[in-house]
Amino acid sequence: IREGDSEKVFTYASATEFSVRLDERKNSYKDLHCSPTGVIEMISHTPEASYYTVVFQGVAPGTCRLESNNFSAMITIE
């Protein structure tokens, strides 16, 4: 998932890992969160110059909104 995917909906099976790569200058890692909590969890965070990549895993069925400053996507875990 990248910044161009903002406002999209992504659906994954439980236990599936997926990555998010965002520009730190536009979408701060410290502001990245998914609400409500408990649907996905962060596996790893890799800073890369002005970008970063975060790997998440689906942990429970449900939907959460993954957001940072100028980015938002719906994540559904089945």
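What you find for P36 and C64 is that their closest heavy atoms are O-CB, 3.4 Å. For the residue pair Q57 and A15, the shortest heavy atom distance occurs at NE2-O, 3.0 Å. Here the closest non-hydrogen pair linking A73 and D5 is CB-O, 4.4 Å. Contact detail for N69 and D31: the closest heavy-atom pair is ND2-OD2, 3.0 Å. Listed here is the closest heavy atom pair of L66 and C34: N-SG, 3.6 Å.
Rounding to the nearest 0.5 angstrom, the gap separating the CD1 atom in I77 from the OG1 atom in T16 is 7.0 Å. Expressed to the nearest 0.5 Å, how far CZ of R21 lies from CD of E3 amounts to 9.0 Å. With rounding to the nearest 0.5 Å, the separation of CZ in F18 from CD1 in I43 is 9.5 Å. Between the CD atom of E24 and the CG atom of L32 there is a distance of 9.5 Å, given to the nearest 0.5 Å. With rounding to the nearest 0.5 angstrom, the CD1 atom of I40 is 10.5 Å from the OG1 atom of T76. How far OG1 of T46 is from OH of Y51: 16.0 Å, rounded to the nearest 0.5 Å.
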*Between T53 and E48, does a side chain to side chain donor-acceptor pair (under 3.5 Å) hold up when you go through it step by step?*
CA-CA 8 Å; T53 301; E48 313 162 19; 2.7 Å; yes
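By the criterion of side-chain heavy atoms lying less than 4.5 angstrom apart, applied directly or through intervening Ile, Leu, Val, Met, Phe, Trp or Tyr residues, F10 is grouped together with M42 in one hydrophobic cluster. Linking ILVMFWY residues whenever their side-chain heavy atoms come closer than 4.5 Å, directly or via other members, places Y52 and F71 in the same cluster. When the side chains of ILVMFWY residues are joined at heavy-atom separations under 4.5 Å, either directly or via intervening members, V59 and Y12 end up in two distinct hydrophobic clusters.
When atom types are taken as modelled, the side chain of S68 and the backbone of S28 share a donor-acceptor pair closer than 3.5 angstrom.
The closest side-chain donor-acceptor pair between E78 and T11, if any, does not fall under 3.5 angstrom. Between the side chains of S72 and S6, no donor-acceptor pair of N or O atoms lies under 3.5 Å.
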